[in-house]
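Below, all heavy atoms of this structure are taken into account, side chains as well, without hydrogens, waters or symmetry copies.
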Amino acid sequence: MSLPQQLRDESDFDQLPDNIPVSATIADVEEKKSFIVYYRFVIEVKTKGNSKYLIYRRYKQFFTLHVSLQQKYSPEAQSGYYTCQLPILPGKVYMGNKKEIAESRIPELNNYMKRLLCLPTWVLLDDLIRMFFYQTESDSQQIPRALRRLRPPTRRVKTIKPKTDLLSAPRAEAVFDFSSSGRLELSLKAGDVIFLLRRVNADWLEGTVKDQTGIFPESFVKIIKPLPENESDEEGGASKNGNGARSSYSCLRCNMLKPEGIDTRDICVEEDISVQPSYQELLTRMRDVFQVEDIALNYRDPEGDVIRVLDDEDVALMVRESKWTGSNVKRPVNQFPWQLLVTHSNDLSVYNTEY
């Protein structure tokens, strides 16, 4: 027998613990430049005890939650005694501008969360919902950038930009052309004057030129006026940004094996070196970096053999093996311990195998 009651019973609601989420509103969307570029929703959660906090969720986390709830509570599932009518989640979108897709989803996701948190109390107590709206340690360490949707519509903030003496600012001049291989990097032309913002690590700087901001290798420029000593943090590859938050860049070394030689690239991402990307994220990024569509991903195992990566399990194995095989290798602290070997998908010569 199912329970047709869709609205929560107020007497039951009064018995809920104070940390149960009762409302959630999307405050903003933020671009995340990881192995691929994606957008995440900044959500303000309010609990029954009137506390407020922010959580950061991707659409795929909404989708995973919804599928799990359908398997458990939808009338069609018939997997248990209790069922209820779940709200409708906006479907996946495979084509289009990612930011525009994220923006267009905000009203629908707000409505989804509102209806979800109005379900019967026994649903609110489910760990699936509680963990989705729970503020993780990672959530609590994030510094929100704007939260524009939480601002009163009539609010006006007058900002006065301080006058800056550009001739006294830390700056450098590009000696060689540099073409960026991703959205984090700054393309340079010989002769460009770059105003320096900070040091990323021993080899990379962040700066601004022609209203564009990004990172670039120091070896491509001549320093005219260096950054102050306290602006650098070469050991950790991190520094404070304008909001007081610490931004982290990690470097991934990848090598494209070609008949004419090896093309080596260092790719910077806004992720900690402990992060394990998915196979699809790595494949998409390497296609973009080397501008080759028909490629295969590989790594070198402890015996020195080249092993092809085919799925997420292979990525996990590559990361796991690198932790103990690379322990004696000296590398920058913000460089991933694993490296990618990229080949053309039909190039079998790298595996020393005869067919």
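- Here the closest non-hydrogen pair linking Ile267 and Arg285 is CG2-NH2, 3.2 Å.
- With rounding to the nearest 0.5 Å, the separation of CG in Leu124 from SG in Cys118 is 8.5 Å.
- The distance from atom SG of Cys84 to atom CG of Leu119, rounded to the nearest 0.5 Å, is 5.0 Å.
- Closest of all the heavy-atom pairs between Trp122 and Thr83 is CH2-O, 3.7 Å.
- In this structure, the side chains of Gln135 and Ile55 come closer than 4.5 Å at one or more pairs of heavy atoms.
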ask   = Step by step, would you call Val350 with Leu341 a side-chain contact (heavy atoms from CB on, under 4.5 Å)?
value = CA-CA 10 Å; Val350 295; Leu341 302 178; over 6 Å; no

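- Residues meeting the ring-ring contact (aromatic ring centres under 6.0 Å, His included) test with Phe62, sequence neighbours left out: Phe132.
- A distance of 8.0 Å separates NE2 in His66 from CD1 in Ile88, rounded to the nearest 0.5 Å.
- Hydrophobic clustering (side-chain heavy atoms under 4.5 Å, transitive across Ile, Leu, Val, Met, Phe, Trp, Tyr) keeps Ile224 apart from Leu227.
- In this structure the side chain of Asp18 never reaches within 4.5 angstrom of the side chain of Thr47, judged on heavy atoms.
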request  = Applying side chain to side chain donor-acceptor pair (under 3.5 Å), run through Asn298 and Tyr351 and close with a yes or a no.
outcome  = CA-CA 10 Å; Asn298 313 269; Tyr351 306 108; 2.4 Å; yes

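- Counting heavy atoms from C-beta outward, Leu257 and Asp263 have side chains that stay 4.5 Å or more apart.
- Atom CG of Leu89 sits about 11.0 Å away from atom CG of Asn111, to the nearest 0.5 Å.
- The minimum heavy-atom distance linking Leu205 with Val200 is given by the pair C-CG2, 4.1 Å.
- Using a 4.5 Å cut-off between side-chain heavy atoms of Ile, Leu, Val, Met, Phe, Trp and Tyr, with links allowed through other members, Val42 and Tyr134 fall into different hydrophobic clusters.
- Side-chain heavy atoms closer than 4.5 Å link hydrophobic residues (I, L, V, M, F, W, Y) into clusters, and following such links, even through other members, never connects Leu310 to Leu340.
- The side-chain heavy atoms of Met256 and Val289, taken from C-beta on, include no pair separated by under 4.5 Å.
- Results of the salt bridge (charged side-chain N to carboxylate O under 4.0 Å, His left out) test with Glu30 over Lys99, Arg40, Arg58 single out Arg40 as the only residue that passes.
- More than 12 heavy atoms of other shown residues, nucleotides or ligands fall within 6.0 angstrom of atom CD in Glu260.
- A distance-only check finds no donor-acceptor pair linking the side chain of Tyr38 to the backbone of Tyr59 [under 3.5 Å].
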Per-pair distances, 0.1 Å, donor-acceptor, side chain in residues 273-283, under 3.5 Å, sequence neighbours excluded:
| from | atom 1 | to | atom 2 | distance (Å) |
| --- | --- | --- | --- | --- |
| Ser274 | OG | Asp272 | OD2 | 2.7 |
| Ser278 | OG | Glu281 | N | 3.1 |
| Glu281 | OE1 | Ser278 | N | 3.0 |

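- Counting non-hydrogen atoms of other residues, nucleotides and ligands closer than 6.0 Å to CD of Gln291 gives a total above 12.
- Residues Ala174 and Lys189 come closest through the heavy atom pair CB-O, 3.3 Å.
- Judged as a side-chain hydrogen bond (donor to acceptor under 3.5 Å, both in side chains), and not counting sequence neighbours, the contacts of Arg253 are Asp266.
- Considering only heavy atoms from C-beta on, Phe133 comes within 4.5 Å of Leu117 through its side chain.
- Interatomic distance, CH2 of Trp204 versus CG of Leu184, reported as 9.5 Å (0.5 Å rounding).
- Looking only at side-chain heavy atoms (C-beta outward), Ser322 and Tyr299 stay at 4.5 Å or farther from each other.
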key: side-chain contact (heavy atoms from CB on, under 4.5 Å) evaluation trace for Lys72 with Asp126   = CA-CA 10 Å; Lys72 198 169 184 178; Asp126 192 291; 2.7 Å; yes

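- Following chains of ILVMFWY side-chain contacts shorter than 4.5 Å, one cannot reach Ile36 starting from Tyr56, and the two form parts of different hydrophobic clusters.
- Considering every non-hydrogen atom in both Arg130 and Ile20, the closest pair reads NE-CD1, 3.6 Å.
- No side-chain donor-acceptor contact under 3.5 Å links Asp192 to the backbone of Leu188.
- The closest donor-acceptor contact from the side chain of Glu293 to the backbone of Arg287 lies at 3.5 Å or more, if one exists at all.
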task = Could you walk me through whether Leu317 and Asp301 pass the side-chain contact (heavy atoms from CB on, under 4.5 Å) test, one step at a time?
result = CA-CA 10 Å; Leu317 179 62; Asp301 70 3; over 6 Å; no

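- Thr213 is linked by a side chain to side chain contact (heavy atoms under 4.5 Å, CB included) to Leu197, Glu206, Thr208, counting only residues two or more places apart in sequence or in another chain.
- Leu116 places a side-chain heavy atom less than 4.5 Å from the side chain of Pro87.
- Within the 4.5 Å cutoff, no side-chain heavy atoms of Gln339 are placed close to those of Met318.
- Not one N or O on the side chain of Arg171 forms a donor-acceptor pair closer than 3.5 Å with the backbone of Gly207.
- Of all heavy-atom pairs spanning Tyr39 and Ala102, the tightest one is CB-CB, 3.9 Å.
- Ring centers of Phe216 and Phe178: at least 6.0 Å apart, outside the cut-off.
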task = Under the salt bridge (Lys or Arg N to Asp or Glu O under 4.0 Å) rule, what do Glu31 and Lys98 come out as? Steps first, then yes or no, please.
result = CA-CA 9 Å; Glu31 183 183 49; Lys98 291 183 179 181; over 6 Å; no

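- Contacts of Ile101 classified as side chain to side chain contact (heavy atoms under 4.5 Å, CB included), with partners at least two apart in sequence or in another chain: Val93, Arg105.
- Between the side chain of Asp177 and the main chain of Ala190, a donor-acceptor pair closer than 3.5 Å is present.
- Under the 4.5 Å side-chain heavy-atom criterion for grouping Ile, Leu, Val, Met, Phe, Trp and Tyr, Phe63 is connected to Tyr112 within one hydrophobic cluster.
- When the side-chain hydrogen bond (donor to acceptor under 3.5 Å, both in side chains) test is applied to Asp139, the partners found at least two apart in sequence or on another chain are Arg57, Thr136.
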task = Report the C-alpha separation of Leu297 and Val315 in whole Å, then their side-chain angles, then the decisive distance to 0.1 Å, and conclude whether the side-chain contact (heavy atoms from CB on, under 4.5 Å) test is met.
result = CA-CA 10 Å; Leu297 306 182; Val315 174; over 6 Å; no

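- A distance of 10.0 Å separates CD1 of Ile106 from CD1 of Ile43, quoted to the nearest 0.5 Å.
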